[in-house]
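Everything on this sheet refers to the single structure shown next.
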Amino acid sequence: MSIMEYNGGSVIAMVGKDCVAIASDLRLGNQALGISSNFQKVFPVTDRIYVGLAGLGTDVITLRERFRYRVNMYTIKEEREIEPETFAHLVSSTLYEHRFGPYFIEPVVAGLSKTPSGGLKPFIAATDLIGCINFAKDFVVSGTASSKLFGLAEGLWEPDLEPEDLFETISQTLLNAVDRDAYSGWGAVVHVLTKDKIISRTLKGRMD
Amino acid sequence: METSFAITGKGYVIIAADTTAARSIVKMKIDEDKIKTLSPHLLMAYSGEPGDTLQFAEYVERNIRLYQIRNLYPLRPAAAASWIRRTLADSLRSRSPYQVNLLVGGYDEATHSPSLHWIDYLGTSVEVPFGAHGYGSYFALSLLDRYHNPEASLEEGLDTLRRCINEVSKRLVVSPGKYKVKVVDKDGTREVEL
């Protein structure tokens with residue numbers, strides 16, 4: 001019995017052409033017993049950043065509140081919104097502060113960062129439960145179905161996908177991965193961040 | 001063993017908890033009330049480690065009351081559940097955590113809707129249409145997946161609750177004998193006989 005698998009749940013993020021997508025399942029369980037099919041794990045941080053928190057349910061809620069507090073403090077002190085790269089380091093240091101009694105969460109960050117020329121560049125990152133950051137150029141995964149998500153993403157993802165194609169790719173990757181994992185599933189939610197809008201859709205999934 | 005259920009319906013939440021206080025294999029008491037009224041429109045069923053349960057429930061009860069005295073209005077159900085969750089989550093990483101599982105049900109007077117929160121001793125909190133704690137949950141939840149109706153009247157809701165209780169009595173080896181049932185709706189909280 002691992003504490004990381006106690007409540008179940010999975011998160012994935014992918015890079016597209018001038019867009020990023022982040023998605024998660026909606027299950028909350030007690031080991032094999034399902035409790036809720038509407039447990040959100042992906043949260044907006046700013047207009048251009050989302051964070052996904054896979055792991056122990058109590059720490060999903062605690063960390064969401066903690067990140068909200070720290071981002072608010074950053075925004076007030078700096079008088080500007082936080083950039084995705086900076087937020088990823090904020091996540092990392094928050095987790096490392098608890099190096100010897102960690103939050104049992106492996107977060108995923110997805111966002112669009114400003115370039116010096118004024119454009120937007122897709123950004124994704126994931127960390128382990130003590131804050132070691134993985135800056136990936138293609139996709140990052142986390143949660144109880146992570147091994148399956150890696151397999152499907154490796155097969156389905158391709159560079160420079162347009163927003164609608166990226167939505168299809170991340171949705172199929174997530175839905176098919178969680179169907180092979182008993183602790184994830186029970187519906188899914190997908191967010192696609194583009195330069196002028198955010199597309200959020202709730203997907204139906206297998207309920208077994 | 002300890003079991004509690006909660007069901008939401010059209011404008012109400014029903015909470016039921018068994019009334020046995022057991023120590024090891026002995027029943028010490030068979031009429032224990034394990035559902036507290038926190039405010040005029042808020043109920044909380046508690047179960048878990050004996051001693052922790054009552055201590056924690058009274059601590060919550062007094063703090064919710066204090067908020068109401070200070071601010072002249074009560075906490076709404078979601079806000080109360082959020083505060084209770086945070087208290088449990090902080091307690092989890094202390095030297096002696098409270099081992100208490102809760103069902104917090106209330107009627108939100110601002111939105112005129114019922115709300116039910118399932119909270120465990122780790123501080124995991126989620127809003128649910130129906131929830132259960134204890135061994136009874138393994139039987140009741142699958143039954144409620146089939147029979148729960150968010151538009152059901154109070155009488156229909158009580159019928160569904162009876163189904164749950166009957167199923168647990170029939171299939172669970174260590175099933176409780178008696179339950180206390182409380183309802184919260186627009187008129188406040190009250191106890192009902194099954």
Side-chain angles (χ1 to χ4, degrees), chain A residues 1-9 24-43 53-69 94-95 97-105 129-130 144 183 185-187 189 204-208, chain B residues 3-8 47-48 78-95 97-104 115-146 148 150 168 172:
Chain A
M1 192 197 105
S2 160
I3 201 161
M4 295 296 292
E5 276 116 55
Y6 184 74
N7 295 122
S24 80
D25 69 334
L26 289 171
R27 185 179 181 270
L28 176 95
N30 253 204
Q31 316 254 51
L33 175 70
I35 299 294
S36 174
S37 55
N38 191 27
F39 186 72
Q40 301 291 336
K41 301 169 188 72
V42 178
F43 308 104
L53 306 169
L56 191 67
T58 180
D59 290 343
V60 171
I61 307 170
T62 306
L63 273 185
R64 181 191 63 161
E65 289 170 357
R66 211 181 166 85
F67 290 146
R68 183 175 61 193
Y69 168 73
T94 305
L95 290 172
E97 274 178 16
H98 301 269
R99 170 63 178 82
F100 297 111
Y103 287 117
F104 297 96
I105 295 287
L129 77 168
I130 51 170
T144 53
Y183 300 115
W186 268 24
V189 62
K204 284 184 177 174
R206 285 177 65 107
M207 297 301 281
D208 57 1
Chain B
T3 291
S4 50
F5 315 110
I7 307 169
T8 60
S47 57
S82 180
W83 183 84
I84 295 165
R85 187 213 82 84
R86 171 46 70 120
T87 310
L88 276 173
D90 289 342
S91 158
L92 182 71
R93 285 184 161 85
S94 72
R95 231 163 65 82
Y98 284 114
Q99 289 181 43
V100 188
N101 299 315
L102 307 164
L103 290 166
V104 178
S115 96
L116 172 63
H117 292 260
W118 181 97
I119 303 174
D120 75 1
Y121 73 100
L122 298 168
T124 317
S125 170
V126 62
E127 190 169 6
V128 288
F130 52 82
H133 278 300
Y135 283 117
S137 68
Y138 291 94
F139 304 94
L141 288 182
S142 49
L143 207 135
L144 286 165
D145 277 331
R146 175 68 184 78
H148 177 259
V168 171
L172 184 61

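All chains are named by letter (A, B, ...) in the order of the sequence lines, taking the proteins before the strands, and each is independently numbered beginning at 1.
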B:Arg85 side chain to A:Ile61 main-chain N or O, any donor-acceptor pair under 3.5 Å?
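Side chain of B:Arg85 to backbone of A:Ile61, a donor-acceptor pair under 3.5 Å: no, none is there.
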
Within the distance-only criterion (no hydrogens, no angle test), does the side chain of A:Thr58 pair as donor or acceptor with the backbone N or O of B:Ala89 below 3.5 angstrom?
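Flag not set: sc A:Thr58 to bb B:Ala89 has no pair under 3.5 Å.
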
Proximity breakdown for [X] and chain A, heavy-atom pairs closer than 4.5 Å:
X	answer
B:Ser142	neither
B:Asp145	neither
B:Leu141	side chain

For A:Glu65, which atoms come within 4.5 Å of any heavy atom of chain B: side chain, backbone, both, or neither?
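For A:Glu65, side-chain heavy atoms alone lie under 4.5 Å from chain B.
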
Side-chain heavy atoms of [X] within contact of [Y], under 4.5 Å:
X	Y	answer
A:Tyr6	B:Thr124	no
A:Thr62	B:Arg86	yes
B:Arg93	A:Asp59	yes

Pairwise distance CG(B:Leu122) to CG(A:Asn7) - rounded to 0.5 angstrom:
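One finds 7.0 Å between CG of B:Leu122 and CG of A:Asn7.
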
Which one of A:Leu56, A:Leu33, A:Asn38 has the most heavy-atom pairs closer than 4.5 Å to chain B?
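Most pairs with chain B among the choices: A:Leu33.
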
